[in-house]
Amino acid sequence: MLAAANPGDTVAYGADPWTERATSQLRELFGARGGVFFVFTGTAANVLGLGLLLRPYEGVVCPASSHLNVDECGAVERVLGCKLLSVPAPDGKLTPELVASRLADRGDEHRVQPGVVAVAQATELGTCYTLAELRALREFCESQRLLLYLDGARLANAAAYLGCSLAELAGCADVLSFGATKNGALGAEAVVVMADGLDGAAPYLRKQHMQLGSKMRYLAAQFCALLADGLWLRNAQQANAMARRLADGLHDVAGVSVCQPVMANMVFAEVTKSLLEPLRRDWHFDSAGDASVPVARWMTAFNTTEADVDDFLAAVRKAAGQS
Ligand SMILES: Cc1ncc(COP(=O)(O)O)c(C=O)c1O
């Protein structure tokens with residue numbers, strides 16, 4: 001699709017047929033009443049999406065483990081100048097009760113006012129909200145006059161896991177991101193505005209955030225490719241299936257204990273240090289957690305094959321002395 005978008009000239013900055021096509025397809029797929037804005041990274045999508053929802057004195061309630069709180073170098077705080085009101089959430093998921101725990105200071109002019117709840121689907125811990133959980137959060141947000149932002153860098157993986165439509169997931173959000181990069185694209189994300197009246201500032205903020213690509217057609221063409229024949233779903237299903245295969249294969253390995261439900265394309269496992277060190281020599285992965293019981297984060301992707309997983313499993317077994 002990139003090659004198809006390449007020949008000839010077209011109008012820059014998104015006034016081209018590829019952007020028009022991708023935008024209208026995404027609006028239809030999500031049931032969006034507002035616009036769709038392409039950006040280059042998931043971090044930029046989060047900053048733009050949240051920027052549409054926040055007033056200057058408002059903060060964002062989010063899980064302590066969320067990507068925007070932990071892994072974006074404070075981009076939201078720096079660029080938007082807002083406070084993140086983080087809440088510990090052991091499985092990475094917010095509940096109405098957890099959100100409520102950050103609302104005590106409402107109405108106190110000395111305190112940052114919670115204005116937006118930000119959830120990720122799938123979460124940073126590889127878990128997914130059920131539709132019922134998302135809807136309960138949505139209802140709670142409405143009852144509390146809070147807006148809901150959904151970080152969908154891995155939304156396709158969640159839709160594949162739940163077997164639901166993108167519109168069902170998006171229907172719970174005021175604004176969301178839809179990630180393509182983790183699902184096979186070269187660097188393209190979309191900010192989708194679901195509700196009326198929220199996207200007026202988006203073109204200007206995107207430009208100020210340095211995310212208005214002059215060659216927008218190349219971002220848009222990647223969405224056209226992913227949407228053309230359900231490729232976005234097949235890619236996500238493949239990634240999820242490989243994570244499942246990995247988790248199943250780890251089942252009887254001594255010194256490895258999968259510690260989060262495996263729902264998307266991530267496997268989190270407590271791993272003994274003696275096993276982790278030899279593995280790291282040949283494989284690159286992150287780990288966190290208590291130094292005595294590290295938690296490894298093993299990711300699969302749209303292009304992970306069964307053979308890749310089996311090679312890795314063989315390496316884990318060897319490190320565990322079980323080969
Ligand atoms: C849930 C989530 N949100 C946002 C991002 C940010 O994406 P990027 O690295 O493209 O800025 C990631 C990246 O891993 C992510 O997993």
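Only a predicted model underlies this, so the values are computations on that prediction, with no experimental measurement involved. All ligand and atom numbering here is 1-based and tracks the order in the structure.
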Query raised in the report: With no hydrogens and no angle check, is any side-chain donor or acceptor of Arg27 less than 3.5 Å from a backbone partner on Arg33?
Result: yes
Query raised in the report: Pick one: which of Thr300, Asn157, Asn265, Asn235 meets side chain to side chain donor-acceptor pair (under 3.5 Å) with Asn240?
Result: Asn157
Query raised in the report: Do we see a donor-acceptor contact under 3.5 Å between the side chains of Thr127 and Thr123?
Result: yes
Report summary line: Here the salt bridge (Lys or Arg N to Asp or Glu O under 4.0 Å) pairs for residues 311-321, sequence neighbours left out, are Asp252-Arg317
Requested in this report: Report yes or no: do Arg280 and Ser287 form a side-chain donor-acceptor pair below 3.5 Å?
Outcome: yes
Query raised in the report: How far is atom 11 (O) of ligand 1 from its nearest protein heavy atom, and which residue and atom is that?
Result: Thr43 OG1, 2.6 Å
Query raised in the report: What is the nearest protein non-hydrogen atom to atom 9 (O) of ligand 1, stated with its residue, atom name and distance?
Result: Lys182 NZ, 4.1 Å
**Report entry** Heavy-atom nearest neighbour in the protein, as seen from atom 8 (P) of ligand 1, with distance rounded to 0.1 Å
**Finding:** Gly42 N, 3.4 Å
Query raised in the report: At what distance is the nearest protein heavy atom to atom 15 (C) of ligand 1, and which residue and atom is it?
Result: His67 CD2, 3.4 Å
Query raised in the report: Applying a 4.0 Å heavy-atom criterion (strictly less than), which segment of Glu72 is in contact with ligand 1: side chain, backbone, both, or neither?
Result: side chain
Query raised in the report: Gln260 side chain to Pro90 main-chain N or O, any donor-acceptor pair under 3.5 Å?
Result: yes
Query raised in the report: Between Asn46 and ligand 1, which residue portion shows a heavy-atom distance shorter than 4.0 Å: side chain, backbone, both, or neither?
Result: side chain
Query raised in the report: Taking heavy atoms and a distance under 4.0 Å, where does Asp151 meet ligand 1: side chain, backbone, both or neither?
Result: side chain
